[in-house]
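These notes concern the structure reproduced below.
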Number of protein chains: 2
Amino acid sequence: MTDTAPVRAARLSDVARLAGVSAATASRALNGSDRGVRDVNRQRVLEAAKTLGYTTNIAAQAVARGRSRGVTLVVKGIPDDFANPIIAGVVGATQRRGLPFTLVSAGPGPADLVEAVNLARSHRPEILMITGGRATDDATVPDLVEALQSYEAEGGRVVLITQEGLPFDTVAYANRKGGYDLAQALVGLGYREFAVVSGMEHGMTQRDRTEGFMAGLADAGIELSADRILIGEFTRDAAYAKTGELLRRKIPVEAIFAVNDAMALGVLTFLRDTGSADQVAVAGFDDIKALRDVTPSLTTVHLPWEQVADKALALAVSPREGSPRTEIVEGHVVVRESTPPLYR
Amino acid sequence: MTDTAPVRAARLSDVARLAGVSAATASRALNGSDRGVRDVNRQRVLEAAKTLGYTTNIAAQAVARGRSRGVTLVVKGIPDDFANPIIAGVVGATQRRGLPFTLVSAGPGPADLVEAVNLARSHRPEILMITGGRATDDATVPDLVEALQSYEAEGGRVVLITQEGLPFDTVAYANRKGGYDLAQALVGLGYREFAVVSGMEHGMTQRDRTEGFMAGLADAGIELSADRILIGEFTRDAAYAKTGELLRRKIPVEAIFAVNDAMALGVLTFLRDTGSADQVAVAGFDDIKALRDVTPSLTTVHLPWEQVADKALALAVSPREGSPRTEIVEGHVVVRESTPPLYR
DNA sequence: CTGAAAGCGCTAACAC
DNA sequence: GTGTTAGCGCTTTCAG
């Protein structure tokens with residue numbers, strides 16, 4: 001039988017000894033970015049590493065270097081079902097650049113984000129990215145900003161995705177404009193009576209989308225009264241429920257705008273379940289891939305997800321500038337079957 | 001203006017000094033699992049840490065301890081949209097237990113898995129989990145096994161999810177049984193003429209599901225000829241295309257079994273696009289949440305995703321046993337609208 | 001181009 | 001209980 005006594009993993013010094021060089025040389029050959037190792041030695045080291053099954057001890061490397069390579073992404077609110085295109089994008093983008101990627105997931109409470117950021121900080125990554133919604137009335141924002149600022153002061157880079165308005169490099173969506181354009185498109189299709197199904201009251205994303213939508217309507221001479229804006233949770237289920245509430249109130253509605261696709265799906269499903277699917281149009285926001293096969297296909301605002309992660313990473317690896325930069329990613333309206341032209 | 005000179009992050013010794021204790025005591029108060037610090041001192045340390053904005057340097061901790069806490073998950077084949085219930089499950093399960101979670105994503109090639117495992121190894125995590133499909137003819141399996149074995153020899157714990165048949169603790173689905181039960185259920189509904197849309201030829205998962213399905217048919221006296229089994233990629237798009245091929249061949253088909261839900265969606269969409277949705281039944285496998293609102297709702301084999309991650313973690317934290325354990329997670333057939341009873 | 005030596009920040013015996 | 005003293009495995013001056 002094989003001996004089961006815990007063996008220690010091969011260390012750099014083991015590799016060095018086997019290759020007949022010093023640890024310093026082995027280090028340079030294996031991980032050092034600088035050149036400056038004779039080819040013979042480099043070969044020897046590489047070979048020794050292979051026969052020993054050596055893998056760099058990243059932690060030790062991070063301690064010695066003072067910082068660990070790659071990006072750590074903090075995500076607020078990982079959904080159990082729906083796709084998170086941002087995570088996928090960042091995973092892909094880091095992979096393409098050969099950067100190690102680590103994910104830290106934050107719990108649902110407002111304070112959880114700060115906690116998660118501190119956990120992420122403890123990894124001392126070169127790049128820290130944060131994504132996920134934020135409430136406008138979030139009392140923990142100062143804590144968050146402070147944590148992030150110390151982190152930058154220590155030499156790390158911070159990029160926010162979606163978290164507009166904080167003093168860090170940011171990639172954000174043109175939520176307002178998307179809402180505006182969508183409203184105009186729907187009016188162009190002939191709709192006049194609208195309702196909005198939105199998420200929690202203080203969410204920035206939904207607020208901007210809703211405001212943009214209202215502005216778009218206003219510019220077409222249509223006013224959206226407060227009773228036509230339904231506030232619930234940011235989920236498909238909440239949207240499903242809210243739609244029922246709306247219709248029960250007998251408010252005449254030709255089209256419902258849900259502030260994201262997941263919610264639009266809830267609206268759509270409610271309408272279908274109650275047999276009113278062909279009487280009320282539905283539009284969403286995001287254009288998530290997982291929904292491309294729903295029927296009727298969903299009119300929505302397409303967001304170029306792939307670009308988001310790339311832009312974020314580009315910001316992160318470029319030298320810092322005096323003041324924080326914000327990259328706005330614009331979406332565009334995609335009209336599909338869920339909002340057929342309305343002839344009156 | 002504030003000074004921009006890179007400040008160093010607060011170290012444990014800084015905290016200790018401010019609290020008027022030794023580094024050892026500070027360490028014990030902050031991170032040490034043992035008790036043995038007077039309450040006064042503990043308070044002092046905690047307070048000092050807070051005023052200094054101290055966060056543990058995880059890397060240093062890992063070096064000192066020889067291993068880093070938490071689980072690293074290696075995922076083969078992260079889809080565009082990140083709709084991976086296993087990842088979500090593991091994120092949730094680790095979070096519930098307060099364990100740090102790290103994700104390493106493997107590229108699409110067979111050798112990429114080994115590479116990703118070695119990257120994961122270099123983090124020296126306590127627990128290494130691997131998920132994602134494997135081909136039966138994968139030539140890199142020996143390398144994978146070797147890497148994983150050295151890792152265990154070094155004291156790490158390995159748990160495989162979905163990757164049956166390797167000498168490590170494993171959580172797997174009852175793919176064969178699921179296929180079998182589904183076949184029986186469909187026969188019970190009155191179907192007799194079947195086709196299977198499957199993924200790459202050498203995939204273990206799809207092979208087991210297909211074999212189980214065929215066995216289920218066989219036990220009902222139905223044979224599935226080879227020309228009724230379509231092999232393509234493991235994606236919605238491939239399934240869409242393959243369905244077209246199938247129908248063009250004029251093979252009489254009453255029901256199509258797609259080996260996973262994503263592919264079933266492709267089948268469904270093709271049928272809908274060509275107006276034959278109500279003539280051919282469709283069934284999938286997985287019961288992924290994102291598809292709960294498709295129409296017609298999809299008959300499928302429900303897999304208890306939540307359990308998978310929990311079981312995997314339970315295996316990982318329990319002491320190792322002499323021989324590798326395998327936990328089989330069973331699914332159950334859920335009949336929905338996509339396979340209405342067929343009266344003949 | 002290479003090696004010796006001094007840390008990186010933390011933990012873990014081992015004394016007191 | 002608490003402090004002292006060695007390291008953990010790697011990188012990085014600094015000499016040569």
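Protein chains get the first letters and strands the later ones, always in sequence-line order, with residue 1 at the start of each. Treat the numbers as computed from the prediction; the structure is a model and nothing was measured.
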What is the separation between atom [atom1] on [X] and atom [atom2] on [N], rounded to the nearest whole Å?
| X | N | atom1 | atom2 | value |
| --- | --- | --- | --- | --- |
| B/R17 | D/dG3 | CZ | P | 14 Å |
| A/R69 | D/dC10 | CZ | P | 16 Å |
| A/Q61 | D/dC8 | CD | C1' | 15 Å |
| A/L30 | D/dT12 | CG | P | 14 Å |
| B/R65 | D/dG7 | CZ | C1' | 16 Å |
| A/R38 | C/dG3 | CZ | P | 9 Å |
| A/R44 | C/dT2 | CZ | P | 10 Å |
| B/R67 | D/dG9 | CZ | C1' | 13 Å |

Options [options], nucleotide nearest the side-chain atoms of [X]:
| X | options | value |
| --- | --- | --- |
| A/L12 | C/dC1, D/dT11, C/dC10 | D/dT11 |
| A/V63 | D/dG9, D/dT11, C/dA4 | D/dG9 |
| B/R28 | D/dG3, C/dC10, D/dC10 | D/dG3 |
| A/R11 | C/dC10, D/dG9, D/dT2 | D/dG9 |
| B/V21 | C/dT2, D/dG3, C/dC10 | D/dG3 |
| B/A24 | C/dG3, D/dG1, D/dT4 | D/dT4 |

Contact under 4.0 Å: [X] side-chain N or O vs [N] OP1/OP2:
| X | N | value |
| --- | --- | --- |
| B/S22 | D/dT2 | no |
| A/N57 | D/dC8 | no |
| A/S27 | D/dC10 | no |
| B/N41 | D/dT2 | yes |

Side-chain donor/acceptor of [X] to backbone N/O of [Y], under 3.5 Å:
| X | Y | answer |
| --- | --- | --- |
| B/S22 | B/T25 | yes |
| B/K311 | B/I328 | no |
| A/D14 | A/R11 | yes |
| B/R157 | B/L315 | yes |

- Where B/Q149 and B/P167 come nearest, the two heavy atoms and their spacing: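 The answer is NE2-CG, 4.1 Å.
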I want to confirm an ordering. Mapping A/S13 and B/A23 to their closest nucleotides on DNA chain D, which one lands closer to the 5' end?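 Upstream on the strand: B/A23.
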Problem set entry | Base of D/dG9 paired with side chain of A/R8 (donor-acceptor, under 3.5 Å) |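 Looking at the base of D/dG9, it does not pair with any donor or acceptor on the side chain of A/R8 (distance under 3.5 Å).
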